[in-house]
Every structure is written in C-alpha cells, then in structure tokens.
Amino acid sequence: MNLRTVTRGDAALAASALLLFVSSFLTFYAAGGVQCTAVGGVPSGCTSTNAWSLDLFPLLPSVFFLGIIGAGLVLVDRNVPKAPAVLGIPLRAWGTVLTVASAWSALWALFGSPSGALFGHPDATSSPQVGAFLAFVFAVLTAVLAIAGPLVPLLTAPLLPEPAPAGVGSAAAQGYGAPQQGHPHLGHFGGQPVQQAHPGQPFTGPEPVPAEPFPAPAATPAATPAPAAAARPEPKPEPQDEPPTVPATLPLGSRTPPPAAAEPPAPSFAPFWFAVPAARPLAPEGEPQGTPVGELVPGTWYLAIAQRGEALLTQTQEGKRGLLADTSGIQRG
C-alpha cells in the first residue's frame with residue numbers, strides 16, 4: 001500500500017474505528033438504586049460491567065466487531081490494488097453496510113439495559129454509562145465516514161503532500177530552448193560554427209577569417225551586333241484544333257478531375273500523466289458502466305495508457321487499472 005494514496009477520510013475512518021475499540025473497555029452498564037452489601041468481605045451489588053462481559057453477549061460482536069470489521073473492509077478496498085469482491089460486490093459496499101448495522105445496534109443498546117439480577121440484586125436497576133454513549137458516538141461516526149469518504153472533497157484530499165513529478169518545472173526554470181549545463185551547443189556565426197562556453201569560462205567567438213586576395217575579373221569586350229541577314233521570313237504553321245481528351249473515369253458533365261481528398265493520418269496515442277480536479281470513480285476496464293473498482297483523488301498523478309472512446313484507460317501508482325469516463329478538467333503532467 002502506498003501511503004501517499006491514503007486520504008484524510010481514510011485516516012479519520014481508521015481513527016474512529018480505533019476509538020470504538022477503546023470504548024469497549026469502558027463501563028457500559030452499571031446497577032444502582034440499592035445499597036451495596038458485603039458477602040465474605042467482598043462487595044456485591046452496585047457493580048458495573050463493560051462490553052466484554054459474557055453476560056452482555058451479543059453486545060460485543062453486534063456493536064464493536066461489526067464497526068471495526070466494516071471500517072477495515074472499506075480501507076482495504078480503497079488502498080489495496082485489485083481488491084477482491086465478494087459475490088460480485090466490492091468490499092467497500094460490504095464494509096459500509098456493516099458500519100451502519102453497528103451504529104443501529106449501538107443505538108438500541110442505550111435503551112436495552114439488563115436487569116439487576118446480572119449484578120446480584122434482582123430489584124436493582126441498570127443504566128448505560130460512558131462506554132455505551134461513546135460506543136454510539138464512534139459507531140455513528142464510523143458509518144458516516146465510510147459513506148461520505150469518497151463524496152466530500154475535504155475527505156478525498158491526500159493525507160501526505162504529493163511530490164512534484166520529475167522534470168516538471170525544469171524547463172520553466174531554464175527557459176524554453178535554453179541549453180543545459182555541461183553540454184555545448186553549436187551555432188553559426190558568419191558561416192562558422194560557434195561553440196558555447198561552459199559555465200565559468202569566457203565566451204570565445206569565431207576566429208577571424210584572413211582576407212585572401214581574389215583576382216579581379218577580366219574585362220569582357222562588348223559584343224558587336226552582327227548585321228541582320230536579309231532572309232525571307234518562314235511562314236508559321238497554323239495551329240490545328242484538336243478535340244479535348246476527357247478521361248473515361250470522370251463523371252458525365254465534368255471536364256476536370258476533382259481534387260483527391262487527403263485522408264487525415266490516424267492520430268497516435270501517447271501515454272501521459274494527469275491529475276483530476278475532484279474525486280472521480282474508476283470503472284472496470286471491460287465494463288464502463290459497471291461497479292467502480294477504485295477512485296481517483298486530487299493531488300495524485302495517474303498514468304493514461306490508452307484512449308477508449310471518450311474514456312481513458314488509467315493505471316494508478318499501485319497498478320490498479322480501469323476506465324475514467326469523466327475526463328473534463330484533467331491536468332496533464
């Protein structure tokens with residue numbers, strides 16, 4: 001898993017699941033309304049218990065295990081390349097359902113207090129304590145983060161800043177067409193090559209060309225016009241009318257062939273890096289309208305491999321491939 005693909009929503013979801021696990025060790029129910037008695041020097045009655053008590057089963061798996069497992073499935077689907085699907089349903093969908101079920105169970109646990117017989121006093125009454133309320137809060141928060149993680153732009157932002165790709169900005173720093181240091185470039189000055197000096201060395205221009213004496217051109221005597229010969233002018237042949245020739249392949253009524261339409265060359269696709277302005281789903285490679293196999297988030301560079309109609313065949317930095325249908329506003333790297 002690449003840590004640079006972890007978003008703020010993923011980090012918040014993991015923290016919420018961890019706090020849900022911690023709340024299971026706090027006091028969940030406590031009995032009151034009676035005086036504590038001592039049996040053999042050991043206090044009985046007015047006691048409390050947490051979610052790990054076997055007498056409260058199935059409170060632990062229905063509230064805490066469901067929420068923690070659901071959050072784990074969502075995180076695996078978002079950050080593991082080629083995450084598997086169960087019964088054709090992505091792990092993210094399974095995890096979201098489990099977190100919602102955990103929050104629903106935590107809500108009813110606030111109203112379903114056990115009887116006082118659990119604490120040794122049949123007449124005692126029990127009430128939810130701080131562990132029950134915190135479990136409900138963190139279970140609801142886990143479900144909200146699992147649902148809204150891919151939808152809220154604040155949560156889709158990467159947790160760690162994305163480094164600029166290599167080569168970006170170097171051309172702007174040196175200027176377009178500027179020669180790189182350490183590589184001489186040849187130009188022409190006065191018909192002679194000029195070599196650019198290395199950094200720290202003086203610039204030397206072309207060596208002066210010594211002037212060579214050229215012989216002056218010899219004077220050519222003017223030609224004396226010869227006397228015109230008295231000759232009888234020859235008659236010029238009269239032009240004969242020839243029927244125009246029309247190719248047999250031309251259409252009727254056409255005297256000149258139509259210009260041949262030049263077929264435009266087929267555009268060739270070159271792979272390029274790009275980034276998206278907002279979170280966008282990544283459809284399966286062979287099924288553009290299928291269930292998304294991943295998600296592209298802003299601040300991360302992705303590689304466009306091929307063009308599939310209006311969509312781009314995209315590969316993430318973890319090797320996951322899919323189709324990006326919405327290519328509007330993408331930034332090329």
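By convention here, the first residue in the shown sequence is residue 1.
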message: Return the OG1 to CD1 distance between T291 and I89, rounded to the nearest 0.5 Å.
response: 8.5 Å

message: To the nearest 0.5 Å, what is the distance between OG on S24 and CG on L19?
response: 11.0 Å

- prompt: Out of curiosity, E318 CD to N79 CG, how far, rounded to the nearest 0.5 Å?
  reply: 8.0 Å

query: What residues form a salt bridge (Lys or Arg N to Asp or Glu O under 4.0 Å) with D77, not counting sequence neighbours?
result: none

- request: State yes or no: do V22 and L13 share one hydrophobic cluster built from I, L, V, M, F, W and Y residues joined by side-chain heavy-atom distances below 4.5 Å, directly or via other members?
  value: no

- prompt: Closest heavy-atom contact between T142 and S16?
  reply: OG1-OG, 2.7 Å

- prompt: Between F64 and S23, is any pair of side-chain heavy atoms under 4.5 Å apart?
  reply: yes

message: Please determine whether the number of non-hydrogen atoms from other residues, nucleotides or ligands lying under 6.0 Å from atom CD of Q307 exceeds 12.
response: yes

Transitive ILVMFWY side-chain link L91 to V97, under 4.5 Å: no

query: Any side-chain heavy atom of W104 sitting closer than 4.5 Å to one from L66?
result: no

Please set out all donor-acceptor pairs under 3.5 angstrom arising from side-chain atoms of residues 148-161, sequence neighbours excluded.
residue : atom : partner : partner atom : Å
T156    : OG1  : V152    : O            : 3.4
T156    : OG1  : P153    : O            : 2.9

Donor-acceptor pair, side chain of T96 and main chain of R92, under 3.5 angstrom: yes

query: Is there a side-chain contact between L60 and F28 (heavy atoms, below 4.5 Å)?
result: no

- prompt: Between L59 and W52, is there a shared hydrophobic cluster once you connect ILVMFWY residues whose side-chain heavy atoms come closer than 4.5 Å?
  reply: yes

- prompt: Do T314 side-chain atoms and A304 backbone N/O form a donor-acceptor pair below 3.5 Å?
  reply: no

message: A side-chain contact here means heavy atoms from C-beta on lying under 4.5 Å apart; do F274 and Y302 qualify?
response: yes

- request: Identify whether V100 and V140 are in the same connected component of the hydrophobic contact network (ILVMFWY, side-chain heavy atoms under 4.5 Å).
  value: no

message: When you compare the side chain of Y29 with that of P128, does any pair of heavy atoms fall below 4.5 Å?
response: yes

- prompt: What do the steps show when you test V74 against T99 for side chain to side chain contact (heavy atoms under 4.5 Å, CB included), and what is the final call?
  reply: CA-CA 10 Å; V74 174; T99 56; 5.5 Å; no

query: Quick one: are R280 and S328 in side-chain contact, heavy atoms under 4.5 Å?
result: yes

task: Return yes when atom CH2 of W108 has more than 12 non-hydrogen atoms of other residues, nucleotides or ligands closer than 6.0 Å, and no otherwise.
output: no

Worked verdict on T327 versus E310 for side chain to side chain contact (heavy atoms under 4.5 Å, CB included): CA-CA 8 Å; T327 60; E310 298 295 334; 5.6 Å; no

Student check: side-chain heavy atoms of L134 and V130 closer than 4.5 Å: yes

task: Check step by step if side chain to side chain contact (heavy atoms under 4.5 Å, CB included) holds for N50 and L56.
output: CA-CA 8 Å; N50 58 22; L56 299 181; over 6 Å; no

